[in-house]
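Notes for the one structure printed next.
This one's a predicted model, so the numbers in the text were calculated from it and none came from an experiment.
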Amino acid sequence: MFENIQRIILSLALKTTTQSIITGKLSAYARKNKTKRALWEYDNIIKSLYFLDYIDSQPLRRNVQRALNRGESYHKLCRAVSYANFGKLRFKTEQHQQIWGECSRLIANCIIYYNASILSNMLDYRQKHSQDSDALKRISPVAWQHINLYGRYEFNHDPEPVDMEAIIHELVQLEVIPEQVTHV
């Protein structure tokens, strides 16, 4: 049994086989196969160690919660972007539905990129002017309150580039980003 586990690990390390092939072969074995049961128990040990770390470590719990919040914020943004026709989506085919979903994700990622660009430029501005930037580092780029998701858009053949310096200057004048952020 131990030799089988060593062989599996070596195959994965040397990339002579893939995880899917190993999973397929293990799934084909009988339920009481010793190698399969040993791998399940090893997995249970790893999970148990993680749960014990999670219980004992306040920073780990805080980081896990932040990661969950980030994921939920991203999904909320995607739902806000994909909300059209007052929530009534009409698709003729599954392919159209998939295209709609991919377009929603693309737009959501564009919004995140735009926000990250603003935050990055604001961070540079604050560091150049010797201002505190710790609060700025904790702001998430997943926000859309400042973006009009509903309306009519016209795209020019000659688009005007975004003047990031003007945006940063306006944010500095309005003091939109506070010195202290209490939560993320």
### Query
So Val172 and Met122, side chain to side chain contact (heavy atoms under 4.5 Å, CB included) or not? Walk me through it.
CA-CA 8 Å; Val172 167; Met122 185 61 127; 3.9 Å; yes
### Task
Would you sort out whether Leu68 and Val64 count as a side chain to side chain contact (heavy atoms under 4.5 Å, CB included), showing the intermediate values?
CA-CA 6 Å; Leu68 290 171; Val64 167; 4.1 Å; yes
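Heavy-atom minimum distance, Ala30 versus Lys36: O-CD, 3.8 Å. Of all the heavy atoms in Ser11 and Thr17, the pair that sits closest is CB-CG2, 3.4 Å. The minimum heavy-atom distance between Tyr50 and Leu60, with the atom names listed, is CE1-CD2, 4.1 Å. Nearest heavy-atom pair, Ile167 versus Val162, reported as atom, atom and distance to 0.1 Å: CD1-CG1, 3.6 Å. Nearest heavy-atom pair, Trp144 versus Ser73, reported as atom, atom and distance to 0.1 Å: CZ3-O, 4.1 Å. Between Ile5 and Ala38 the shortest heavy-atom distance is CD1-CB, 3.7 Å.
Distance alone, capped at 3.5 Å, is enough to place a donor-acceptor pair between the Ser104 side chain and the Trp100 backbone. Within the 3.5 Å criterion, the main-chain N or O of Arg105 finds a donor-acceptor partner in the side chain of Asn109. Here the side chain of Ser120 pairs no donor or acceptor atom with the backbone of Ala116 at under 3.5 angstrom.
Taking CG from Leu119 and CD1 from Ile112, the interatomic distance works out to 11.5 Å, rounded to the nearest 0.5 Å. In this structure, Ile111 CD1 and Leu77 CG are separated by 5.0 Å, a value rounded to the nearest 0.5 Å. Atoms OG1 and OH, from Thr35 and Tyr29 in turn, are 6.5 Å apart once rounded to the nearest 0.5 Å. Note that CG of Asn44 and OG of Ser48 are 6.0 Å apart. Values are rounded to the nearest 0.5 Å. Leu26 contributes atom CG, which lies 5.0 Å from atom CD1 of Ile8 (distance to the nearest 0.5 angstrom). Between atom CD1 of residue Ile107 and atom CD1 of residue Ile147 there is a gap of 10.5 Å, rounded to the nearest 0.5 Å.
Sparse packing is recorded around CD of Gln19, with 12 or fewer heavy atoms of other residues, nucleotides or ligands lying under 6.0 Å away.
Hydrophobic clustering (ILVMFWY, side-chain heavy atoms < 4.5 Å, transitive): Val142 and Tyr113 are in distinct clusters. Linking ILVMFWY side-chain heavy atoms closer than 4.5 Å, directly or via other members, places Leu106 and Ile99 in two distinct hydrophobic clusters. Put simply, Leu10 and Leu39 are part of two different groups of oily side chains (I, L, V, M, F, W, Y) that touch within less than 4.5 Å, one to the next.
Ion pairing of Asp43 with Lys47 is present here, as a side-chain N (NZ or NE/NH1/NH2) and a carboxylate O approach within less than 4.0 Å. A salt bridge links Arg79 to Glu72: at least one charged side-chain nitrogen sits closer than 4.0 Å to a carboxylate oxygen.
Residues Val81 and Leu149 form a side-chain contact, since some pair of their non-hydrogen atoms from C-beta on lies under 4.5 Å apart. Between Tyr125 and Glu165 the shortest side-chain heavy-atom distance does not fall below 4.5 Å.
There is a side-chain donor-acceptor pair under 3.5 Å between Asn4 and Arg7. Between Gln65 and Arg62, the side chains place no donor N or O within less than 3.5 Å of an acceptor N or O (distance only, hydrogens not considered).
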